Amino acid sequence: MEWENQTILVEFFLKGLSGYPRLELLFYVLVLIMYVVILLGNGTLILISILDSHLHTPMYFFLGNLSFLDICYTTVSIPPMLVSFLSEKKTISFSGCAVQMFLGLAMGTTECVLLGMMAFDRYVAICNPLRYSVIMSKGSYVPMAAGSWIIGIVNSTVQTGCVVQLPFCRNNVINHFTCEILAVMKLACADISGNEFIMLVATTLFIMTPLLLIIISYTLIIISILRIRSSQGRSKVFSTCSAHLTVVIIFYGTILFMYMKPKSKETLNSDDMDATDKLVSVFYGVMTPMINPLIYSLRNKDVKEAVKHLLRRKVFNK
């Protein structure tokens, strides 16, 4: 491409729901309410996992990390999204877009790996309970959680670094609410096959491998549960992992729907996202972090008791 057809981009235009002012106002109210619920719900889970000594176990340590991760992920994406809903200038600087890509990808990768670690924790607890305290000692689960964060940061550093080095043409319209890395890559006026290959490798390693670990862990868990003769015993054992399994299904189900849903010929040719894609994107970025603490609170007796104990302490202190 000739130099005159290229330019050094200093900002991107986030299309989002441009042209639909009423929808933008509705989304603003809904997303703002969801963000407040995310902060309160996940903040409460982090607080009780620290303050309640009964929750000082590997599972709740991972859960605390997951809640902190959800707060970080949504804080990176939601406030700029809310500003864009009310602002006529729906632009983001190139450096701001790079930071948003980096943090979003790092948080997403970390969550995938962390969910895999949590599945392994449930496998050991149910299938090998006598050795649980040995296998899942503090010397094991802390490095496992730290490793999840390191993997997310390294993956994001590599992928974001490759994208920001691409040359970009005059087209700076991102048909998304945020700087999603694939949407930004498509704006480059260069061959992005190398970037797509790196993304494919990263997806296989950091999304599909944890998913495989989850599938294997829960297959072994289900086999172990089916060996229990009493229905009450089966129900009690399954209740210890049902919340995590529900979160995994929602998280991976949304990802698979977004990226594996058949596209129409018009969408493929124009690189546009239809309304369904945008709604699913919001669901993935906002709804999932919001319902995670609700799922763990409603389906977990220990969390319920810890919340009640925390509320009683506050009442008595007054």
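Not measured: the values here are computed from a predicted model. Note: hydrogens, waters and symmetry copies are ignored here, and every other heavy atom, side chains too, is used. Sequence positions, counted from 1, serve as the residue numbers for this chain.
Looking at heavy atoms from C-beta onward, Asn128 lies in side-chain contact with Arg131 at the 4.5 angstrom threshold. Side-chain atoms of Asn155 and Leu105, non-hydrogen and from C-beta on, do get closer than 4.5 Å to each other. Proximity of Phe12 to Thr91: side-chain heavy atoms (C-beta onward) are nowhere separated by under 4.5 Å. Looking at heavy atoms from C-beta onward, Phe94 lies in side-chain contact with Val164 at the 4.5 angstrom threshold. Residues Cys162 and Ile198 form a side-chain contact, since some pair of their non-hydrogen atoms from C-beta on lies under 4.5 Å apart. For the pair Met144 and Asn65, the minimum side-chain heavy-atom distance is 4.5 Å or more. The shortest distance between side-chain heavy atoms of Leu245 and Phe238 falls below 4.5 Å. At least one side-chain heavy atom of Gln100 sits less than 4.5 Å from a side-chain heavy atom of Pro80.
Using a distance-only test at 3.5 Å, with no hydrogens or angles considered, a donor-acceptor pair links the side chain of Ser140 to the main chain of Ile135. Side-chain atoms of Ser49 come within 3.5 Å of backbone atoms of Ile46 as a donor-acceptor pair (strictly under, hydrogens ignored). Within the 3.5 Å criterion, the main-chain N or O of Ser133 finds no donor-acceptor partner in the side chain of Ser137. A donor-acceptor contact shorter than 3.5 Å is absent between the side chain of Arg234 and the backbone of Leu226.
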request  = Show the numbers, then the answer: is there a side chain to side chain donor-acceptor pair (under 3.5 Å) between Tyr73 and Thr110?
outcome  = CA-CA 10 Å; Tyr73 181 79; Thr110 302; over 6 Å; no
Full working for side chain to side chain contact (heavy atoms under 4.5 Å, CB included) between Phe68 and Asn42 = CA-CA 7 Å; Phe68 179 68; Asn42 287 287; over 6 Å; no
task = Could you walk me through whether Tyr218 and His244 pass ring pair (Phe, Tyr, Trp, His ring centres under 6.0 Å), step by step?
result = CA-CA 11 Å; Tyr218 275 100; His244 175 256; 5.8 Å; yes
request  = Apply side chain to side chain contact (heavy atoms under 4.5 Å, CB included) to the pair Val163 and Val184, showing each step before the final yes or no.
outcome  = CA-CA 8 Å; Val163 171; Val184 175; 4.0 Å; yes
request  = Evaluate the side chain to side chain donor-acceptor pair (under 3.5 Å) criterion for residues Asn292 and Asp70: first the C-alpha distance (whole Å), next the side-chain angles of each, then the deciding distance (0.1 Å), finally the verdict.
outcome  = CA-CA 9 Å; Asn292 281 356; Asp70 284 338; 3.0 Å; yes
key: Check against side chain to side chain contact (heavy atoms under 4.5 Å, CB included), Phe13 and Ile174   = CA-CA 6 Å; Phe13 176 82; Ile174 300 175; over 6 Å; no
CA sep, side-chain torsions, deciding dist, call: Val99, Val76, side chain to side chain contact (heavy atoms under 4.5 Å, CB included) = CA-CA 9 Å; Val99 170; Val76 168; over 6 Å; no
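The structure places CE of Met81 at 9.5 Å from CZ of Phe27, a figure rounded to the nearest 0.5 Å. The distance from atom SG of Cys179 to atom CZ of Phe102, rounded to the nearest 0.5 Å, is 14.5 Å. Taking CE of Met118 as the reference point, atom OG of Ser148 lies at 10.5 Å (rounded to 0.5 Å). Distance check: Arg122 CZ to Ser242 OG gives 10.5 Å after rounding to the nearest 0.5 Å. Distance check, rounded to the nearest 0.5 Å: CD1 of Ile33 to CD1 of Ile38 gives 12.0 Å. Atom CG of Leu55 sits about 11.0 Å away from atom CD1 of Ile50, to the nearest 0.5 Å.
Annotation for Gly43 and Ile71: closest pair N-CD1, 3.9 Å, computed over non-hydrogen atoms. When all heavy atoms of Ser217 and Ala119 are compared, the closest pair comes out as CB-O, 3.7 Å. The nearest pair of heavy atoms linking Val31 to Phe85 is CG2-CE1, 4.4 Å. Nearest heavy atom pair, residue Phe61 against residue Ala145, reads CE2-CB, 3.5 Å. Heavy-atom minimum distance, Cys241 versus Ile126: SG-CD1, 3.9 Å. Minimum interatomic distance between Cys112 and Phe251 (heavy atoms only, all atoms of both residues): SG-CE2, 3.5 Å.
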Donor-acceptor contacts, no H, no angles, side chain residues 187-194, under 3.5 Å, sequence neighbours left out:
from	atom 1	to	atom 2	distance (Å)
Asp191	OD1	Ser193	N	3.1
Asp191	OD1	Ser193	OG	3.1
Asp191	OD2	Ser193	OG	2.9

Using a 3.5 Å cut-off and no angle test, enumerate the donor-acceptor pairs between side-chain atoms of residues 201-215 and protein atoms at least two apart in sequence or in another chain.
from	atom 1	to	atom 2	distance (Å)
Thr203	OG1	Met199	O	2.7
Thr204	OG1	Leu200	O	2.9
Thr209	OG1	Thr204	O	2.9
Thr209	OG1	Leu205	O	3.1

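Each ring-ring contact (aromatic ring centres under 6.0 Å, His included) pair with one or both residues in residues 110-136, not counting sequence neighbours, would appear here, but there are none.
In the hydrophobic clustering of this structure, Leu82 groups with Leu86; members are Ile, Leu, Val, Met, Phe, Trp, Tyr whose side-chain heavy atoms approach within less than 4.5 Å, directly or through other members. Put simply, Met290 and Ile249 are part of the same group of oily side chains (I, L, V, M, F, W, Y) that touch within less than 4.5 Å, one to the next. With hydrophobic clusters built from ILVMFWY side chains whose heavy atoms lie under 4.5 angstrom apart, Val286 does not share a cluster with Val83. Each of Met59 and Val134 belongs to its own hydrophobic cluster when Ile, Leu, Val, Met, Phe, Trp and Tyr are linked at side-chain heavy-atom distances under 4.5 angstrom. Transitive grouping of hydrophobic side chains (ILVMFWY, heavy atoms separated by less than 4.5 Å) brings Val237 and Leu220 into a common cluster.
Enclosure of atom NE2 in His56 by more than 12 non-hydrogen atoms of other residues, nucleotides or ligands within 6.0 angstrom is indicated.
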